[in-house]
Amino acid sequence: MAATMKSPISAADLTSIPDFIEKFKGVKSLVDSGITNIPDFYVRPKDERPGELDSTASVDQIPVFDLAALHGEGRGALVKAIGEACEEWGIFQVINHGVRSNVMKSMMGVSKGFFHLPMDEKMLYYSNVPSQPVRYGTSFNPLHESVLEWRDVLKHMVITSPPEENIQYWPDKPPAYREATKNYILEMMVVRTKILSAISEALGLDSNYLQGVFEQQMLGLNHYPECPNPDLALGISSHSDASGITILLQDGQVAALQALHQNRWVCVQPLPDSLVVIVGDQLQILSNGKYKSAEHRAIVNREKERVSIVTLFLASNDTLLAPIAKLLDKSHRPKYQDIKCEKYMQKYLNKQHNKKSTLDSIKLDK
Ligand SMILES: O=C(O)CCC(=O)C(=O)O
Ligand SMILES: [Fe+2]
């Protein structure tokens, strides 16, 4: 592989982000070039670096729910607990969610396989324009960022139903990519119904209410290569997701995802066969702030690479995002300006990740 044969370069040789993007396209090829220090444009300001704040104290574990209980007498209690977790945390893990273990394993396998392809294969999908249907790239929005995220990405911006309608745009390497991705997407559609029906009920709405709103699906593969200075960089910087909900599959071997809770970073420990559910900004808007989108980030590791797979469920472009009328009354006035989903997504995608800044920008009575 040509990229691995280059002589080691020093971080000081890389002067600017556009220059780096032009030469390396992303993190993997930078690491393969043999660097021993990260370039300056990966170094986070001091207050953003992963510090001592991350906690594994038992009081600070994010909630874990066994979804098997949705099918029996325990449904009411579980729905209530999920609602409370959406208010308090905006993030929780689920087990016994019904997604087959081998489907998750294959998806993880083809994702890793894709990021390890030779550069010219990955370049077939390369773009810096976030709206491409299937796009390989790096960081979040590299040409609008002052500090880059230590990750490369492959994004499927639109998943159709059935998913294989636009399969010709999907990578066909590694050879199992298309089949594994299709199977994973189909299982995500099933688990979405379980989770969104529970959240709808917790809000006092018809079971299928939110399912009818968050009908669009996107898929994102994140690759976080080993990093020589994990104390200075972040894999993904603090942000909330623009989705209604996000369902995340994380690598079982490396703990890296952290959620902000009461001003502390709490590590989301990977549990076997679990999925992480994250409340996104669109659910915060619809619930009029009752449910909070979780601010989260991912750290990187000196020895281990990591892959995570995110499935976003969100409203269609022409949906007007607004608090649900049934949740409003004299003492619950709307907290957010109405905004078309397409416009919200443009606002979100046209800048760098910055905590919950997109949501904050449409708050009423700031
Ligand atoms: O890799 C992770 O655990 C987090 C990924 C994430 O937050 C995202 O893709 O939005
Ligand atoms: Fe996220």
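Counting convention: from 1, in listed order, for ligands and their atoms alike. All values below come from the heavy atoms of this structure, side chains included, with hydrogens, waters and symmetry mates left out.
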Task: Within reach of ligand 1, part of Leu248 (heavy-atom separation under 4.0 Å) - done: side chain
- [ ] Answer with yes or no after comparing the ring centroid distance for Tyr348 and Phe140 against a 6.0 Å cut-off, counting only values under it.
- [x] yes
Open item on the list: When you measure from the side chain of Arg135 to the backbone of Ser127, do you find a donor-acceptor pair of N or O atoms at a distance under 3.5 Å?
Closed with: yes
Open item on the list: So which atom in Ser293 and which in Asp281 form the shortest heavy-atom distance, rounded to 0.1 Å?
Closed with: OG-OD1, 2.8 Å
Open item on the list: Any side-chain to backbone donor/acceptor pair from Asn229 onto Ile38? Under 3.5 Å, distance only.
Closed with: yes
Open item on the list: Suppose we measure from atom 8 (C) of ligand 1 to each protein heavy atom; which comes out shortest, and what is that distance?
Closed with: Ile236 CD1, 3.6 Å
Task: Backbone of Trp170 reached by a side-chain donor or acceptor of Arg178 within 3.5 Å - done: yes
Open item on the list: Heavy atoms only, cut-off 4.0 Å: how does His296 contact ligand 1, side chain, backbone, both, or neither?
Closed with: side chain
Open item on the list: Side chain, backbone, both or neither: which applies to Arg297 and ligand 1 if a contact is any heavy-atom pair less than 4.0 Å apart?
Closed with: neither
TODO: Heavy-atom distances under 4.0 Å are what count here, so tell me which part of Asp241 touches ligand 1: side chain, backbone, both or neither.
DONE: side chain
- [ ] Taking all non-hydrogen atoms of both residues into account, name the closest pair between Phe65 and Leu78 and its distance.
- [x] CD2-CD1, 3.7 Å
- [ ] State, to the nearest 10 degrees, the angle whose vertex is the Fe ion (ligand 2) and whose arms point to OD1 of Asp241 and NE2 of His296.
- [x] 90°
Open item on the list: Over 60° means perpendicular and under 30° means parallel, so tell me whether Trp89 and His261 are parallel, tilted or perpendicular.
Closed with: parallel
TODO: Among all protein heavy atoms, pick out the one at the shortest distance from atom 9 (O) of ligand 1; state its residue, atom name and that distance to 0.1 Å.
DONE: Asn222 ND2, 3.0 Å
- [ ] Please lay out, stage by stage, how Val190 and Glu187 fare under the test side chain to side chain contact (heavy atoms under 4.5 Å, CB included).
- [x] CA-CA 5 Å; Val190 177; Glu187 300 233 359; 5.6 Å; no
Open item on the list: Does any N or O of ligand 1 fall below 3.5 Å from an N or O anywhere on Arg306, backbone included?
Closed with: yes
Task: Identity of the nearest option to atom 2 (C) of ligand 1, non-hydrogen atoms only, from Ser240, Ser308, Pro270 - done: Ser308
Open item on the list: I'd like to check which ligand 1 atoms, numbered from 1 as shown, lie under 4.0 Å from a non-hydrogen atom of Tyr224.
Closed with: 1 (O), 2 (C), 4 (C), 5 (C)
Task: Contact atoms of ligand 1, heavy-atom distance to Val310 under 4.0 Å - done: 8 (C), 9 (O)
